[in-house]
Amino acid sequence: MNPIYQRCSIRHFQMEPIQEEDIQSLLKAAFSAPSARNLQPWMFVVVEDIQKIRRLRDFSPYAGPLETATLAILVCADLKLNPSLDYCQQDCAAATENILIQAKSMGYGSCWLGGYPNEDRIEKLKKFIALPENVLPLWVIAIGIPNENENIKDKWDDHKIIRLK
Ligand SMILES: Cc1cc2nc3c(=O)[nH]c(=O)nc-3n(C[C@H](O)[C@H](O)[C@H](O)COP(=O)(O)O)c2cc1C
């Protein structure tokens, strides 16, 4: 079973902690992502404290998965490493997808919770944790053991492919 094909967003989780070695695997996957000029302009805030995860829920009206998640990863861009926020975003998105796939491959569910470019959400994330001035929080990943049926979607679309042979 290819975890890329099997991944889907999970928004309800069981109240089980994530093992430390699994957190390490998630971060290793993140750090394995490609990045423009190999600048690796990311920073990850790993939130294991359940009360803090629940508090983080308020950063966005669409962050419901943080009501039951047992791990949250706040993905941030380090603008000192790459001053181009456009490139930082692309690199951080690649790292985020790696985390989602790694989570799936280990039996966890996850959901990407959008922040940037919504200024209100970014401000709330900045209030959640004091970060250096050059580090911009972008979005959050909710992770945990699934407590809902998977909804794996078939998104294949011939109309979105141009083939040149
Ligand atoms: C940039 C981005 C932001 C997202 N923000 C949210 C969000 O705030 N809340 C949420 O429940 N899901 C969010 N999602 C998950 C999408 O809703 C989900 O990926 C999409 O519906 C496709 O479903 P799938 O992930 O199960 O394939 C986001 C996904 C991306 C890529």
Side-chain angles (χ1 to χ4, degrees), residues 1-15 18 22 25-27 29-36 40-47 50 52-79 82 84-129 131 135-161:
M1 295 279 252
N2 186 325
I4 297 176
Y5 305 154
Q6 299 299 314
R7 185 213 58 82
C8 66
S9 291
I10 295 291
R11 296 183 172 87
H12 298 95
F13 305 96
Q14 297 174 29
M15 196 50 222
I18 312 279
D22 292 342
S25 299
L26 293 169
L27 292 169
F31 287 124
S32 302
S35 62
Q40 304 167 43
W42 39 57
M43 182 166 278
F44 306 100
V45 179
V46 181
V47 190
I50 294 296
K52 290 195 172 79
I53 296 172
R54 301 295 173 261
R55 207 152 49 74
L56 193 50
R57 190 256 173 271
D58 292 334
F59 95 93
S60 157
Y62 307 106
L66 293 174
E67 281 167 23
T68 55
T70 51
L71 183 72
I73 300 179
L74 171 52
V75 180
C76 307
D78 187 340
L79 295 158
N82 189 341
S84 162
L85 180 54
D86 284 342
Y87 276 116
C88 283
Q89 270 191 81
Q90 294 170 58
D91 300 340
C92 288
T96 299
E97 175 69 359
N98 275 10
I99 292 175
L100 304 186
I101 300 303
Q102 181 64 23
K104 172 66 195 172
S105 77
M106 296 190 299
Y108 294 111
S110 65
C111 190
W112 184 331
L113 305 174
Y116 187 87
N118 184 299
E119 284 176 19
D120 181 56
R121 294 182 208 170
I122 301 293
E123 282 313 306
K124 286 186 174 143
L125 290 174
K126 281 183 180 170
K127 282 192 184 125
F128 174 77
I129 180 166
L131 294 162
V135 177
L136 183 71
L138 294 176
W139 50 72
V140 177
I141 309 170
I143 301 168
I145 297 174
N147 196 17
E148 69 181 56
N149 291 329
E150 291 180 324
N151 176 13
I152 299 164
K153 303 145 196 82
D154 181 1
K155 299 173 189 158
W156 183 275
D157 186 346
D158 282 331
H159 298 103
K160 294 180 179 172
I161 304 169

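We use all heavy atoms of the structure for the numbers below, so side chains are in, but hydrogens, waters and symmetry mates are not. We count ligands from 1, going down the list as the structure has it; atoms in each ligand are counted the same way.
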Please output the side-chain donor-acceptor pairs of residues 120-127 that fall under 3.5 Å, not counting sequence neighbours, one pair per line with the distance.
{"from": "D120", "atom 1": "OD2", "to": "K124", "atom 2": "NZ", "distance (Å)": "3.2"}
{"from": "R121", "atom 1": "NH1", "to": "G114", "atom 2": "O", "distance (Å)": "3.0"}

Exercise. Can you tell me how far the CG atom of N82 sits from the OG atom of S35, to the nearest 0.5 Å?
Worked result: 8.5 Å
For this session: Quick one: closest heavy-atom pair of T70 and G144, and the distance?
Result: OG1-CA, 3.8 Å
For this session: Just jot down the side-chain hydrogen bond (donor to acceptor under 3.5 Å, both in side chains) partners of D22, sequence neighbours excluded, or say none.
Result: Y108
For this session: Go through the side-chain N and O atoms of T96 and W112 and say whether any donor and acceptor fall under 3.5 Å apart.
Result: no
For this session: Could you name the protein residues that come within less than 4.0 Å of ligand 1, counting only heavy atoms, and order them by chain and residue number?
Result: R7, C8, S9, R11, Y62, C111, W112, L113, G114, K153, K155
Problem set entry | All pairs passing salt bridge (charged side-chain N to carboxylate O under 4.0 Å, His left out) where residues 90-113 contributes a residue, at least two apart | K104-E150
